[in-house]
2 protein chains.
Amino acid sequence: MTVKNIAGDNHLSSVKNALRILRSFSMDEPEKKISELAESLGLNKSTVSRTMSTLASEGFVFKDPDSKKYRLGLSLLSLGGIVNSQMDIYRESHPVLNRLVQEVGETAHIAVLDNHEVIYLQKVECNHPVKVLTHIGKRNPPYSTSSGKTLLAYAKEEIIEAVIERGLQRFTRNTIVDPKKLVTHLKHIREKGFAFSIEEFHEGVNSIAAPVYDYQGKVIAALAIVGPKQRIQPSKMPALSKKVISAANDISSRMGYWK
Amino acid sequence: MTVKNIAGDNHLSSVKNALRILRSFSMDEPEKKISELAESLGLNKSTVSRTMSTLASEGFVFKDPDSKKYRLGLSLLSLGGIVNSQMDIYRESHPVLNRLVQEVGETAHIAVLDNHEVIYLQKVECNHPVKVLTHIGKRNPPYSTSSGKTLLAYAKEEIIEAVIERGLQRFTRNTIVDPKKLVTHLKHIREKGFAFSIEEFHEGVNSIAAPVYDYQGKVIAALAIVGPKQRIQPSKMPALSKKVISAANDISSRMGYWK
DNA sequence: CGCATGAGTTGCGCTATATGCAACAAAAGA
DNA sequence: TCTTTTGTTGCATATAGCGCAACTCATGCG
């Protein structure tokens, strides 16, 4: 007898399995074995094996001939590209990011909130040899980065509650783990119109973010610059934040937001 | 009675349906209705409806609140980003270079544009005793080699201007040193889809290059073959260029470039 | 304003089909 | 070489996905 999906789930389970398999791949673990997947997702080896061969037949995964493990396939690259091109913020923000990166000499990126996580839509890297690595599509917790906190600050009450509900995990000495502190912190962000993170997610990494508005005046994204603490120092924050805010406003106005 | 999948297909059909639905989205048709999908894929409306709700629950699609049609979701952005980061041109180009070298008997290499210079990322040498020496990491001016001219031809206007600004140095009798000539020459390259250099950088050395595209259709590298003028003769150029273009296209498709 | 048309969702019953098991095959160690 | 681990496949079973059709919303049109 199979353990049924939790009640209320009227979803196609084999499809759901396939999607969960795909989503279990990550930047850190780009290749997976059948048995690993079966183990981690609580599925039978044979189920995973068959699902993988279906995924492979449509180009969503492929078997690496060297490591003999599975990797994500080119179909996902195409589909990801379509998603990317659809977001008009992508188009509009690119030149602005470029200019900002030139001005401040730090990596800049655009992030949005998706299901209690921050997801990076786009980035432009600085050409400094020392830089902070992120990648498009990466997901981070929203309460520990400047872009995440910015998005959270302007998000609906329920989302903030849901994030707190799910628990605030400590990543560094400075991570905000006290729900009350987070709430007042978000209030400050709304008042000042920008957010910063001083080693709250990764040691030695600081960032500054500002909100991007759409034509309805809704916050739809955050623009952030990220860099090592030696370069993004607290003393430089006022000047840098002005530039970040100005760039974010620039994108907002391209999105149809008028003051 | 359902029409079964074509015999020999031992794939999970509901998963396959889901994947086919995803793949039916394209740059030109980024949003789809249930009934359209059902029609075009020969599936029942209810099947599509249920599949879509499963895909939506995992963030692979979402319903556009305005058009009320489905669009590809952010999960695909994440997964596409992972594929993208893995797709280093090194791995993908190596076997193709090998085959090309075997076919044409000349040294082949991959080059990219870096800060107004051409840099050679990778090469596979032919086993001919007489060969042209290059090495990985070598930098050359972009206006006097076939790979450099290819990259320049598809580069941004500013880069071309910057290269001209820095001056066109004469290396041989045939080096293009007239800015106007260079600009029209680059236009020709774009029209033909490949470039050649006849003793423009080193006396006695000819080369042929073609562009390599990434999944966004952007030119990210050039593939070139280099050899002594006795072997890469103008009369052989048409046949050789075909092979170079075909190899370059092969790499492009491995990088996720479709058509 | 109400009727008609079309698109999407959902309950139901049937059986096609995805699953678990276990045997098998194929690598990878030892 | 033998052992161990990992992936694939045949088979029987019952689950779960499918088509059908009724139903609900939207949308358009007279």
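Each chain gets a letter, A, B and so on, in the order its sequence line appears, and its residues count up from 1.
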A:Ala222 backbone acceptor or donor facing A:Ser147 side chain under 3.5 Å: no
B:Val219 vs B:Val212 side-chain heavy atoms within contact, under 4.5 Å: no
Whole-Å distance separating the NZ atom of B:Lys32 from the C1' atom of C:dG8: 17 Å
Phosphate contact (D:dT8 OP1 or OP2) by A:Lys63 side-chain N/O below 4.0 Å: yes
Pair A:Ser146-A:Ser207, side-chain donor/acceptor within less than 3.5 Å: yes
Separation of C:dA18 P from A:Lys16 NZ (nearest whole Å): 18 Å
Residues which pass side chain to side chain donor-acceptor pair (under 3.5 Å) with A:Thr51, listed by chain and number, not counting sequence neighbours: none
Any donor-acceptor pair under 3.5 Å from A:Ser252 side chain to A:Ala248 backbone: yes
Below 4.0 Å: OP1/OP2 of C:dG8 and any side-chain N or O of B:Ser35: yes
Atom pairs and distances, side-chain donor-acceptor, residues 163-171 of chain A, under 3.5 Å, sequence neighbours left out:
{"from": "A:Arg170", "atom 1": "NH1", "to": "A:Thr172", "atom 2": "O", "distance (Å)": "3.1"}
{"from": "A:Arg170", "atom 1": "NH1", "to": "A:Arg173", "atom 2": "O", "distance (Å)": "3.0"}

Side-chain N or O of B:Ser14 closer than 4.0 Å to phosphate OP1/OP2 of C:dT17: no
N/O-N/O pairs, protein side and nucleotides 23-26 of chain D side, under 3.5 Å:
none

Strand contacts (DNA chain D) in residues 36-49 of chain B, 4.0 angstrom heavy-atom criterion: B:Asn44, B:Ser46, B:Thr47
Nearest-neighbour nucleotide for the B:Lys33 side chain, C:dT9, C:dA7, D:dG17 considered: C:dA7
Backbone N/O of A:Leu41 and side chain of A:Ser24: donor-acceptor pair under 3.5 Å: no
Distance in angstrom units between B:Tyr70 OH and C:dA7 P, rounded: 15 Å
Rounded distance (Å) that lies between atom P of D:dG17 and atom CE of B:Met52: 17 Å
Listed partners of A:Tyr120 passing ring pair (Phe, Tyr, Trp, His ring centres under 6.0 Å), at least two apart: A:His109
A:Leu113 and A:Pro142, any side-chain heavy atoms less than 4.5 Å apart: yes
Per B:Arg50 side chain, nearest of listed nucleotides C:dT19, D:dT8, C:dC12: C:dC12
Residue-phosphate contact under 4.0 Å: A:Asn17 side-chain N/O, C:dA18 OP1/OP2: no
Matching residue for A:Glu31 among A:Arg71, A:Lys69, A:Lys63 - test: side chain to side chain donor-acceptor pair (under 3.5 Å): A:Arg71
Atom pair distance, as rounded to whole Å: CD1 in B:Ile21 and C1' in D:dC18: 13 Å
Angle by which the axis turns from one end of the helix from C:dC1-D:dG30 to C:dA30-D:dT1 to the other, five pairs per end, to 10 degrees: 50°
Check against side-chain hydrogen bond (donor to acceptor under 3.5 Å, both in side chains), A:Gln122 and A:Ser93: CA-CA 9 Å; A:Gln122 188 176 192; A:Ser93 60; 2.8 Å; yes
